Number of protein chains: 2
Amino acid sequence: MNAHLPAGEDARFAAALDRLLLLTAMLNDDMHRGLAADGLTPSRTSLLWTLRRLGPSPQKDIAAAMKVSARTVTGLVDGLVATGFVTREEHPSDRRAFLVSFTALGTAAVDKLEAEQRDFSRRLFAHMPASRLDGLVAGLDDVLATLYALGLRSPF
Amino acid sequence: MNAHLPAGEDARFAAALDRLLLLTAMLNDDMHRGLAADGLTPSRTSLLWTLRRLGPSPQKDIAAAMKVSARTVTGLVDGLVATGFVTREEHPSDRRAFLVSFTALGTAAVDKLEAEQRDFSRRLFAHMPASRLDGLVAGLDDVLATLYALGLRSPF
DNA sequence: TATTGTTATACTCTATAACTATA
DNA sequence: TATAGTTATAGAGTATAACAATA
C-alpha cells in the first residue's frame with residue numbers, strides 16, 4: 001500500500017488503466033479479424049506496412065525495421081509470395097540478397113487497409129465534440145510521453 | 001506531418017487514431033515482455049486471469065470464457081501444470097472432467113501481476129492534472145461506446 | 001572474414017477431426 | 001446419444017544455430 005496517496009486515487013488510476021487495456025484488446029481483436037478477410041495475417045500485414053515505408057528492400061532491412069529475426073522474415077515473405085502480395089526481385093548489386101517488392105495485388109491491399117483505417121477513424125471521432133477529442137488526444141500524448149520516459153519505444 | 005499547418009478534420013481523426021494504435025502496440029509489447037520474466041506467456045497469463053475470475057473450473061468453462069477451442073486449453077493447461085502454476089484436480093461429480101486449480105505459485109503469480117498493474121497505473125496517471133485524466137477517461141469512454149455500438153465486444 | 005538468406009530444429013498458439021472415457 | 005478432454009495433425013509465428021553463396 002502507498003500511504004501518501006489518498007485512498008480514492010488508486011481506484012481512479014486503475015479505472016483509467018482498465019479502459020486503456022480494454023480498448024487495446026478490442027482494437028487488436030478487431031484489426032486481426034478484419035485482416036483475415038483479405039487473406040492476410042497480422043504479421044504479414046505488418047511486413048506490408050513496413051515495406052510501404054521502406055520501399056523495395058532486402059530481407060535484412062525488413063528484419064531490422066520489424067525487430068524480428070532473419071528467419072522470421074524468410075517465413076513471412078514465403079507466405080506473402082505464395083499468396084501473391086510481394087515478389088523477390090534480384091538485388092542490382094548484391095547477388096546474395098533479394099529486393100522484396102510489392103505486386104499490384106500487394107499495393108492494392110495496403111491501399112485498401114489505409115482507406116479502411118481512415119474510415120474507421122471517422123466512425124470513432126467524427127461525432128465527438130471538438131473539446132472531447134482534444135481532451136482525449138492530450139491524455140494520450142501525456143501517456144505516450146510517460147511511456148517514452150519509462151524507456152518504452154515504439155515497435156515501428 | 002506538418003504541425004504548423006491547420007489540419008483538416010480527417011487529419012485530426014487520423015492523428016487521434018495513430019495515437020491510439022501506437023499506444024495499443026506499446027502496451028502490448030510491454031506486457032508481453034514483462035510476462036516472460038515470470039516464466040509466463042501471454043496466453044497462459046490470460047488463462048490465469050480467467051481462472052481467478054471463474055474459480056476452479058473444468059477446461060470446457062475456461063475455453064468458453066477465453067473464446068478458444070478445447071484443444072487450445074489442453075495445451076495451455078499442460079504448460080501451466082508443467083511450470084507449476086495450476087493443477088488438474090478431480091471433479092467431484094464428473095469423472096470425465098478436471099477442476100483446474102491454482103497452486104500457491106500460481107496464486108502468487110497473479111497477485112504479483114495485479115500489484116505490477118497497480119504500480120503501472122500510478123506511474124502513468126499520478127502526475128497528471130485531474131482535468132487531463134478526466135478528459136482522457138471521457139474520450140476513452142466515448143470510443144468504447146462507439147466500438148460497442150459498432151458491434152465490437154470485449155474479449156473478456 | 002563478414003554478411004545474406006536458407007535449412008534444420010524447436011517451442012507457443014491456434015484450429016478441426018477422430019477418439020476414449022464417462023454421463 | 002451427448003459431453004469432457006485427449007491424440008493426431010496442421011499451419012502461423014517466433015527463435016537459435018549451422019550452413020551456403022557471395023561480398
Side-chain angles (χ1 to χ4, degrees), chain A residues 25 28-29 31-33 35-51 54 56-83 85-101 155, chain B residues 25 28-29 31-33 35-51 54 56-83 85-101 155:
Chain A
N28 266 333
D29 266 33
M31 285 191 299
H32 294 185
R33 262 197 310 276
L35 261 36
D38 296 310
L40 286 168
T41 62
S43 291
R44 290 177 193 175
T45 304
S46 173
L47 193 154
L48 293 187
W49 284 115
T50 301
L51 191 60
L54 298 181
S57 304
Q59 296 184 185
K60 177 200 194 296
D61 290 357
I62 296 172
M66 293 180 71
K67 298 187 179 42
V68 297
S69 70
R71 180 62 186 89
T72 296
V73 172
T74 296
L76 295 175
V77 172
D78 283 351
L80 288 165
V81 168
T83 46
F85 291 99
V86 305
T87 57
R88 286 184 168 107
E89 303 291 332
E90 277 182 21
H91 192 291
S93 64
D94 185 341
R95 287 182 11 203
R96 294 171 304 180
F98 299 111
L99 284 184
V100 180
S101 307
Chain B
N28 266 332
D29 267 34
M31 285 190 298
H32 294 183
R33 262 197 310 275
L35 262 35
D38 297 310
L40 286 168
T41 62
S43 291
R44 289 178 193 174
T45 305
S46 173
L47 193 153
L48 293 186
W49 284 114
T50 300
L51 191 59
L54 298 182
S57 306
Q59 296 183 185
K60 176 201 195 297
D61 291 357
I62 297 172
M66 293 180 71
K67 298 186 177 49
V68 298
S69 70
R71 179 61 185 89
T72 296
V73 172
T74 295
L76 296 175
V77 172
D78 284 350
L80 288 165
V81 168
T83 47
F85 291 99
V86 304
T87 57
R88 286 185 168 106
E89 303 291 333
E90 277 182 22
H91 192 291
S93 64
D94 187 339
R95 288 185 8 207
R96 295 170 304 180
F98 299 110
L99 283 185
V100 180
S101 308

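Here is the naming used below: chain letters follow the sequence lines, and residue numbers restart at 1 for every chain. Owing to the predicted nature of the structure, the values given are computational and were not obtained by experimental measurement.
- A:T45 meets the side-chain contact (heavy atoms from CB on, under 4.5 Å) test with A:L35, A:L40, A:W49, A:L113; sequence neighbours excluded.
- Protein atom CG of B:D78 is 14 Å distant from nucleotide atom C1' of D:dA4, rounded to whole Å.
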Close N or O pairs between protein and nucleotides 19-23 of chain D (under 3.5 Å):
| from | atom 1 | to | atom 2 | distance (Å) |
| --- | --- | --- | --- | --- |
| D:dT22 | O2 | A:R96 | NH1 | 3.4 |
| D:dA23 | OP1 | A:R95 | N | 2.9 |

List, one per line, each side-chain donor-acceptor pair under 3.5 Å for residues 57-64 of chain A, sequence neighbours excluded.
| from | atom 1 | to | atom 2 | distance (Å) |
| --- | --- | --- | --- | --- |
| A:S57 | OG | A:G55 | O | 2.4 |
| A:Q59 | OE1 | A:R88 | NE | 2.8 |
| A:Q59 | OE1 | A:R88 | NH2 | 3.2 |

All N/O pairs under 3.5 Å across the protein-nucleotides 10-12 of chain C interface:
| from | atom 1 | to | atom 2 | distance (Å) |
| --- | --- | --- | --- | --- |
| C:dT12 | OP1 | B:R44 | NH2 | 3.3 |

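- Residue A:I62 contributes atom CD1, which lies 16 Å from atom C1' of C:dT6 at whole-angstrom precision.
- Atom CG in B:L48 sits roughly 11 Å away from atom P in C:dC13 (whole-Å rounding).
- Partners of A:H91 according to the side-chain contact (heavy atoms from CB on, under 4.5 Å) rule, which considers only residues two or more places apart in sequence or in another chain, are A:S93, A:D94, A:A97, A:L99.
- Distance from the side chain of B:R88 is smallest for D:dT6 among the nucleotides C:dA15, D:dG5, D:dT6.
- Side chain of A:T50 to backbone of A:S46: a donor-acceptor contact under 3.5 angstrom is found.
- In this structure, B:V73 reaches neither bases nor backbone, as no heavy-atom distance under 4.0 Å exists between it and the strands shown.
- One interatomic measurement links the two molecules: CE of A:M66 to P of C:dG5, which rounds to 14 Å at whole-angstrom precision.
- Considering every non-hydrogen atom in both A:A65 and A:L54, the closest pair reads CB-CD1, 4.0 Å.
- Contacts classified as salt bridge (Lys or Arg N to Asp or Glu O under 4.0 Å) and involving residues 37-50 of chain A (residues at least two apart or in different chains) are given here: A:D38-A:K112.
- Heavy-atom nearest nucleotides on DNA chain D were determined for B:L99 and for A:V68, and the one closer to the 5' end corresponds to B:L99.
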Worked verdict on B:V86 versus B:V81 for side-chain contact (heavy atoms from CB on, under 4.5 Å):
CA-CA 5 Å; B:V86 304; B:V81 168; 3.9 Å; yes
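- Between the NZ atom of A:K67 and the C1' atom of D:dG13 there is a distance of 18 Å, rounded to whole Å.
- Between A:T74 and C:dT6, a side-chain N or O to OP1/OP2 separation shorter than 4.0 Å is present.
- Separating the NE2 atom of B:H91 from the P atom of C:dA23 is a distance of 10 Å, rounded to the nearest angstrom.
- Atom-to-atom distance recorded for A:E90:CD and A:S101:OG is 11.5 Å, nearest 0.5 angstrom.
- Summarising the geometry, the separation between NZ on A:K60 and P on C:dT6 is reported as 15 Å, rounded to the nearest angstrom.
- One atom, CD of B:Q59, and another, P of D:dT7, lie 11 Å apart when rounded to the nearest Å.
- A sub-4.0 Å separation between OP1 or OP2 of C:dC13 and a side-chain N or O of B:T72 is absent.
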- Query: Can you list the steps and then say if B:L76 with B:M66 is a side-chain contact (heavy atoms from CB on, under 4.5 Å)?
  - Reply: CA-CA 11 Å; B:L76 296 175; B:M66 293 180 71; 4.0 Å; yes
